[in-house]
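The sequence lines fix the lettering, A, B, ..., with proteins before strands; numbering per chain opens at 1. Computed from heavy atoms alone, side chains included, the values below leave out hydrogens, waters and symmetry copies.
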Amino acid sequence: MSATIKELLASEAVRDGVVAQGWVRTRRDSKAFSFLELNDGSCLKNLQCIVDEGIPGYEHIAQCTTGAAVRIDGRLVASRGGAQKWEVQATAVTLLGGADESFPLQKKGHSPEFLRTIAHLRPRTSLYGSVFRVRSRLAYAVHRFFQERGFFYVHTPIITASDCEGAGEMFRVTTLAPGADDFTKDFFAKQAFLTVSGQLEGETMATALGKIYTFGPTFRAENSNTTRHAAEFWMIEPEMAFCDLAQDMDMAEAQVKYLAQSMLDESPEEVEFLGKFVDKGLRERLEFVVNRPFERLSYTEAVAILQRSGKSFEYPVAYGQNLQSEHERWLTEEHCRCPVTVFNYPKDIKPFYMRLNDDGQTVAAMDLLVPGIGEIVGGSQREERLDQLQANMAQHGLSEEAYGWYVDLRRYGSVPHAGYGLGFERMLMFVTGVPNIRDVIPFARTPGHCEF
RNA sequence: UCCUGAGUAGCUCAGCGGCAGAGCGGGUGACUGUUAAUCACUAGGUCGUAGGUUCGAACCCUACCUCAGGAGCCA
């Protein structure tokens, strides 16, 4: 393998016999030579190459247009121009793959709406290249965070037969012909779906290995058309035995801080670039998240604060109702001006598995809200008491048969345990400042869209 | 799914009842150690679709389609 442009630009000294391979971002011609700027995706910066008339391959310079794949052999030397430290004085140029005038990416900026229509080419832009480099590093940081803390990475099923995990509409998985509805003849001899959460299975692993996490694709068939929802996304779900809600919140907040810190440490080039073109306050926000403690409010306190805010919301604030987006945004963006964790929600607006508090009215649930995105983490302490869980299930109309294995966890060696779900793409939006979830995943799946 | 807004050249947009426009990009040429280079010339259009109003519609009206933003659902 030849050196990447990232490696070449990090050189300490002049280097002979270098090979640079990449895609032409721009070409500027002089009478007797051309400037060729190459990008290979290894970093944000381009490598400027000087291609003199007469070197081997120069006869094809006209085809080395924006988008073309090119190999440059030459010498890495200090640049005579001011905009870059190093450049390559080419001794040979090879056109690997041309790109004719129909190549849709121009040197100038394009709208995200247009780039979504050419999602197969947009990673070649500075913005999407940055986002997808960050995506890789952030995914690795997620694993590092957990592995450093003794968590085990577990793989929960993608295909599930549980049809009411309480997290929205599900995609059906079937081998039956269209129109057939005898599920006893289906592949699994019953209805099957794509998972909307690995939590319940995660609990079985946590009550054996102690601290576990999942990090995998998740599917929701909701007809959601927003900047924050995708039908296929990646979710991180830790589950911890011998853990209560307070410790759960500690972990979620520590993780958000850790991931923000990793962005600052590992992607400084992208922080600067995204701060310039996408979100002016990006660095400031990341440093703020890393350095300042998060706020923590009970649902009851949050409602009281909202009610005496004097702010006129489109939807009134009422105890017992879910907080609206505008309420959450006001809390995190204007009242606290920092990430805020809201906990202990009324039991009637939360799922059956959340632990009933001693007041008999609220459950040990928590949502971590961040400025600009809203809810980024949702979690809870789980109901570990057998009789209480059974009562909850009855109340929610769930059959104990279908969830016998889940109830067994309370029947045999039950322990307090807790966990949360962190939307990976939402975290990516938060650390990059990119305002639309469709721009932080290579190929977004949303209602009506399954292209590429 | 609901609400709001927008669809005009490859891209970004102006034009808002009377000849279809600009910048960028593309092509051709000139020029220059250039930096989203510069200069000149040039090609490029079913004004989202279908109806309607009008002497005349890109422009006004209706429906539909598509996209975007907001809401709900949530991560």
Side-chain angles (χ1 to χ4, degrees), chain A residues 25-37 45-52 62 65-67 77 79-84 87 89 99-118 125-126 165-169 196-199 214-237 252 256 277 313-315 321-329 349-351 367-370 373-379 420-430 435-441 446-449:
Chain A
R25 280 294 176 81
T26 178
R27 191 183 87 224
R28 294 178 291 274
D29 294 321
S30 284
K31 195 174 203 75
F33 64 96
S34 293
F35 294 102
L36 218 48
E37 282 201 36
K45 289 197 175 74
N46 300 329
L47 178 67
Q48 174 164 288
C49 301
I50 317 301
V51 182
D52 285 330
T65 51
T66 301
V77 298
S79 178
R80 287 158 62 184
Q84 58 280 317
E87 64 187 22
Q89 183 68 47
D100 69 17
E101 63 278 1
S102 65
F103 183 67
L105 292 174
Q106 304 174 4
K107 297 171 199 177
K108 299 214 169 183
H110 288 291
S111 67
E113 293 81 10
F114 171 66
L115 291 168
R116 279 172 215 150
T117 69
I118 51 168
T125 65
S126 295
E165 292 180 33
E169 293 295 311
V196 293
S197 166
Q199 181 204 314
T214 71
F215 183 7
T218 307
F219 307 89
R220 306 263 169 100
E222 295 290 346
N223 191 8
S224 298
N225 290 287
T226 80
T227 54
R228 309 179 302 286
H229 290 85
E232 177 185 291
F233 63 100
W234 287 64
M235 188 153 65
I236 298 147
E237 295 185 286
V256 170
F277 293 104
F313 294 105
E314 192 181 338
Y315 295 89
Q321 302 286 301
N322 251 319
L323 297 178
Q324 303 284 319
S325 281
E326 57 173 343
H327 305 148
E328 295 182 340
R329 269 206 318 276
I349 58 174
K350 290 294 181 182
D367 284 347
L368 202 170
L369 314 175
V370 296
I373 313 280
E375 185 180 341
I376 199 167
V377 172
Y420 59 86
L422 168 64
F424 183 61
E425 283 78 14
R426 288 196 183 168
M427 191 67 214
L428 206 43
M429 291 166 71
F430 186 60
N436 195 311
I437 198 168
R438 288 170 283 215
D439 299 322
V440 297
I441 189 165
T446 53
H449 289 283

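Here Lys350(A) pairs with Tyr345(A), Met354(A), Val363(A), Ala365(A), Asp367(A) under the side-chain contact (heavy atoms from CB on, under 4.5 Å) rule; sequence neighbours left out. The side-chain contact (heavy atoms from CB on, under 4.5 Å) search around Asn223(A) returns Asn225(A), Pro447(A), not counting sequence neighbours. Here Arg329(A) pairs with Ser325(A), Glu326(A), Glu333(A) under the side-chain contact (heavy atoms from CB on, under 4.5 Å) rule; sequence neighbours left out. Residues satisfying the side-chain contact (heavy atoms from CB on, under 4.5 Å) criterion with Ser111(A), sequence neighbours excluded, are Glu113(A), Phe114(A). For Phe33(A), the ring pair (Phe, Tyr, Trp, His ring centres under 6.0 Å) criterion is met by Phe35(A), not counting sequence neighbours.
When atom types are taken as modelled, the side chain of His229(A) and the backbone of Arg220(A) share no donor-acceptor pair closer than 3.5 angstrom. Remark: the backbone N or O of Glu37(A) is not paired with any side-chain donor or acceptor of Thr26(A) at under 3.5 angstrom. Judged by distance alone, the side chain of Ser34(A) and the main-chain N or O of Leu36(A) form no donor-acceptor pair under 3.5 Å.
For a distance-only test at 3.5 Å, the side chain of Asn46(A) fails to qualify as a donor-acceptor partner of the base of rU35(B). For rC74(B), the base has no donor-acceptor partner in the side chain of Ser224(A) [N/O atoms by modelled type, under 3.5 angstrom]. A donor N or O paired with an acceptor N or O is not found under 3.5 Å between the base of rA75(B) and the side-chain atoms of Arg228(A). If you check distances only, the side chain of Glu314(A) never reaches the base of rG70(B) with a donor-acceptor pair under 3.5 Å. Between the side chain of His229(A) and the base of rC74(B), at least one donor-acceptor pair of N or O atoms lies under 3.5 Å.
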(request) Give the C-alpha distance, both sets of side-chain angles, the deciding distance and a yes or no for side chain to side chain donor-acceptor pair (under 3.5 Å) between Thr65(A) and Glu101(A). (result) CA-CA 8 Å; Thr65(A) 51; Glu101(A) 63 278 1; over 6 Å; no
(request) Could you please spell out the steps behind the side chain to side chain donor-acceptor pair (under 3.5 Å) verdict for His449(A) and Thr446(A)? (result) CA-CA 5 Å; His449(A) 289 283; Thr446(A) 53; 5.0 Å; no
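Proximity of Arg25(A) to the phosphate of rU35(B): no side-chain N or O atom is located under 4.0 Å from OP1 or OP2. Phosphate contact (OP1/OP2 of rA37(B), side-chain N/O of Arg28(A), threshold under 4.0 Å): present. Distances shorter than 4.0 Å separate some side-chain N or O of Thr227(A) from OP1 or OP2 on rG70(B). Of the side-chain N and O atoms in Arg438(A), one or more sit less than 4.0 angstrom from OP1 or OP2 of rA68(B).
Look at rA6(B): its Watson-Crick or wobble partner, with both distances under 3.5 angstrom, is rU66(B). In a base pair of the Watson-Crick type (N1 to N3 plus N6-O4 or O6-N4) or a G-U wobble (N1-O2 and O6-N3), with each distance short of 3.5 Å, rC59(B) is matched with no nucleotide. With a cut-off of 3.5 Å on both pairing distances, rU53(B) has no Watson-Crick or G-U wobble partner at all. In this entry rG45(B) has no Watson-Crick or G-U wobble partner, no candidate having both defining distances under 3.5 Å. With a cut-off of 3.5 Å on both pairing distances, the Watson-Crick or G-U wobble partner of rU12(B) is rA22(B). In a base pair of the Watson-Crick type (N1 to N3 plus N6-O4 or O6-N4) or a G-U wobble (N1-O2 and O6-N3), with each distance short of 3.5 Å, rA40(B) is matched with rU28(B). Taking a pair to require two hydrogen-bonding distances under 3.5 Å in either a Watson-Crick or a G-U wobble arrangement, rG17(B) remains unpaired. In this structure, rU35(B) forms no base pair with any nucleotide, since neither Watson-Crick nor G-U wobble geometry is met with both distances under 3.5 Å.
At a threshold of 4.0 angstrom between heavy atoms, the contacts of Gly81(A) include nucleobase atoms, whether or not backbone atoms are also involved. Nucleic acid contact for Ile50(A): base, since at least one base atom lies under 4.0 Å from a heavy atom of the residue. Across all strands shown, Glu87(A) has heavy atoms under 4.0 Å from base atoms, whether or not it also approaches the sugar-phosphate. Here Phe114(A) lies in heavy-atom contact (under 4.0 Å) with sugar-phosphate atoms only. Residue Thr226(A) is classed as a base contact, given a heavy-atom separation below 4.0 Å to a base. Among the protein residues, Arg27(A) comes within range of no part of the nucleic acid, since none of its heavy atoms lies under 4.0 Å from any strand. When heavy atoms are screened at a 4.0 angstrom cut-off, Gly109(A) is found touching base atoms of the nucleic acid. Nucleic acid contact class of Tyr420(A) (heavy atoms, under 4.0 Å, all strands): none. Ser34(A) comes within 4.0 angstrom of no nucleic acid atom, judged by non-hydrogen atoms across all strands.
Atom C1' of rA20(B) sits at a distance of 29 Å from the matching atom of rA36(B), rounded to the whole Å. Comparing the P positions of rA57(B) and rC19(B) gives an interatomic distance of 12 Å, to the nearest angstrom. Nucleotides rC13(B) and rA68(B) place their P atoms 14 Å apart, quoted to the nearest Å. To the nearest whole angstrom, the two C1' atoms, one in rG51(B) and one in rG69(B), are 29 Å apart. The C1' atoms of rG21(B) and rG44(B) are separated by 13 Å, rounded to the nearest whole Å. Rounded to a whole angstrom, the distance from the C1' atom of rG23(B) to that of rU38(B) is 16 Å.
Residue side chain Phe35(A) fails the stacking definition with respect to rG33(B), as its ring centre and the base's six-membered ring centre are not both under 5.5 angstrom apart and under 30 degrees in plane angle.
Comparing rG72(B), rG69(B), rU1(B) against the side chain of Arg116(A) picks out rG69(B) as the nearest. For Gln84(A), whose side chain is taken as the heavy atoms from C-beta onward, the closest listed nucleotide among rG72(B), rU34(B), rA68(B) is rU34(B).
The 5' end of RNA chain B is approached more closely, in terms of each residue's nearest nucleotide, by Phe33(A) than by the other of Ile437(A) and Phe33(A). Between Glu425(A) and Asn436(A), the residue anchored nearer the 5' end of RNA chain B, judged by the nucleotide with its closest heavy atom, is Asn436(A).
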Distances under 3.5 Å only, N/O to N/O: pair up the protein atoms with those of nucleotides 21-28 of chain B.
residue, atom, partner, partner atom, Å
rG25(B), O4', Gln106(A), OE1, 3.3

